Amino acid sequence: MLTAPGLCWLCRMPLACSHWGICSLCTRAIRRRGSVCPLCGLPAARDDIHCGRCLQKPPPWQRLIAVSDYAPPLSTLLHQFKFAPRPEAANALSRLLLLAVRGAHPTRNPAKPDMIISVPLHARRQWRRGFNQSDLLCQKLAHWLQCSAPRAALRRLRATPVQHHLSARLRKQNLKNAFRLELPVAGLHIVVVDDVVTTGSTVAEITRLLLRSGAAAVQVWCLCRTL
């Protein structure tokens, strides 16, 4: 028996492939970004060389890939995903991220990772939400890319204040010694997955921890990059 087709999460039109979650028209609209720096993911004159900001003060990671700027309709769906909550949207959002990774500039196409890890929530915050949104994205991506995604790779030691309420300087102070690595990563190519990257303070702190522990390289993948 044929099942009724699903509806697109955004435009609510029927889907040709229900497991996609988001139709091809909405997918193209979401991913319509201008040129961005391959290192920081912010707007730049070209997308095949590092921007002036990164030439002067590069972030610790090797590459940042984002699906979209933090703007509707993706920001609206992401807010529902986290706070409605709608964890079932993880499949559609993970697919958007996979398409962004596969569509990265061919001269700087990222290597397949050995391990994908999520930005951890503090245990109390995860208990209240019921899930870690970044971990749901990781599990889907790891399945499709056939690499590991250990749920306990990183632990958040302190219940730090919410980052978007803080200035850039306070964000860095807020995250100092906030994470602990629970698994060996020496020699591995690792991807850190987060839903939104704003100043990059969180993923930078995690990247430095991974590199100090011997990781060969670190990339950052996210759904939205704020400007």
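Just so it is clear, the structure is predicted and the values come from calculations on it, not from any experiment.
- When all heavy atoms of L181 and V185 are compared, the closest pair comes out as CD2-CG2, 3.7 Å.
- Side-chain atoms of Q146 and W144 form no donor-acceptor pair, as typed in the model, at a separation below 3.5 Å.
- Both L77 and F131 are assigned to one and the same hydrophobic cluster, defined by single-linkage of ILVMFWY side chains at heavy-atom distances under 4.5 Å.
- Rounded to the nearest 0.5 angstrom, R156 CZ and I206 CD1 are separated by 7.0 Å.
- Taking both residues in full, the closest heavy atoms of S148 and P150 are given as C-CD, 3.7 Å, listed atom of the first, atom of the second, then distance.
- A distance of 10.5 Å separates CG in L154 from CZ in R180, rounded to the nearest 0.5 Å.
- Side-chain heavy atoms closer than 4.5 Å link hydrophobic residues (I, L, V, M, F, W, Y) into clusters, and following such links, possibly through other members, connects L136 to L98.
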| said: Set out, in order, the CA-CA distance, both residues' side-chain angles and the distance that settles side chain to side chain contact (heavy atoms under 4.5 Å, CB included) for I117 and V193, then state yes or no. | reply: CA-CA 6 Å; I117 62 177; V193 173; over 6 Å; no
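- No path of Ile, Leu, Val, Met, Phe, Trp and Tyr side chains, each step under 4.5 Å between heavy atoms, connects L121 with W221, placing them in separate hydrophobic clusters.
- Residues G21 and A92 share a closest heavy-atom pair of CA-CB, 3.8 Å.
- Side-chain atoms of R225 come within 3.5 Å of backbone atoms of C40 as a donor-acceptor pair (strictly under, hydrogens ignored).
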N/O donor-acceptor pairs under 3.5 Å from side chains in residues 65-73, not counting sequence neighbours:
from, atom 1, to, atom 2, distance (Å)
D69, OD1, R33, NE, 3.1
D69, OD1, R33, NH2, 2.7

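- Scanning for ring pair (Phe, Tyr, Trp, His ring centres under 6.0 Å) contacts around H79 gives F83, with sequence neighbours left out.
- Connection of L211 to V197 is established within a shared hydrophobic cluster, with ILVMFWY side chains joined at heavy-atom distances below 4.5 Å, either directly or through further cluster members.
- Partner of P113 under the side chain to side chain contact (heavy atoms under 4.5 Å, CB included) criterion, out of V191, L188, V192, V101: V191 alone.
- Every residue two or more places apart in sequence or in another chain that forms a side-chain contact (heavy atoms from CB on, under 4.5 Å) with S24 is listed here: R28.
- D114 places a side-chain N or O within donor-acceptor distance of the main-chain N or O of H189, the cut-off being under 3.5 Å.
- The salt bridge (Lys or Arg N to Asp or Glu O under 4.0 Å) test applied to R155 returns E182, not counting sequence neighbours.
- With contacts defined as side-chain heavy-atom distances shorter than 4.5 Å, the pair L99/T27 qualifies.
- M13 CE to L7 CG: the interatomic distance, rounded to the nearest 0.5 Å, is 9.0 Å.
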| task | For side chain to side chain contact (heavy atoms under 4.5 Å, CB included), just list the numbers for L223 and V196, CA-CA rounded to whole Å, side-chain angles, deciding distance to a tenth of an Å, and then say yes or no. | result | CA-CA 6 Å; L223 291 171; V196 180; 6.0 Å; no
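- Closest heavy-atom contact between A90 and K140: O-CG, 4.4 Å.
- Among residues two or more places apart in sequence or in another chain, the side-chain contact (heavy atoms from CB on, under 4.5 Å) test is passed with R86 by W9, Q80, A84, E88.
- Residue pairs satisfying the salt bridge (Lys or Arg N to Asp or Glu O under 4.0 Å) criterion with at least one member in residues 193-203, sequence neighbours excluded, are listed as follows: K82-D195.
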| task | Using the side chain to side chain contact (heavy atoms under 4.5 Å, CB included) rule, take E205 and F179 through it: C-alpha gap first, then chi angles, then the decisive distance, then the call. | result | CA-CA 8 Å; E205 182 70 17; F179 302 102; 4.0 Å; yes
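- With hydrogens and angles disregarded, no donor-acceptor distance shorter than 3.5 Å links the side chain of Q133 to the backbone of P87.
- Here the side chain of R63 pairs no donor or acceptor atom with the backbone of L39 at under 3.5 angstrom.
- One distance of note links CH2 of W20 with CG of L96; it measures 11.5 Å at 0.5 Å rounding.
- In plain terms, the two heavy atoms of S213 and L209 that are nearest each other are OG-O, 2.9 Å.
- Note: F81 CZ to L74 CG = 11.0 Å, rounded to the nearest 0.5 Å.
- Judged purely by atom type and a 3.5 angstrom limit, R208 has no side-chain atom pairing as donor or acceptor with the backbone of P60.
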| query | Would Q219 and L64 count as a side chain to side chain contact (heavy atoms under 4.5 Å, CB included) if you check the C-alpha gap in whole Å, the side-chain angles of each, and the deciding distance to 0.1 Å? | reply | CA-CA 6 Å; Q219 299 172 44; L64 187 146; over 6 Å; no
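- If you take SG on C138 and CG on N132, they are separated by 8.0 Å, rounding to the nearest 0.5 Å.
- Evaluated for a side chain to side chain contact (heavy atoms under 4.5 Å, CB included) with C37, the options C54, P59, P43 yield exactly one hit, C54.
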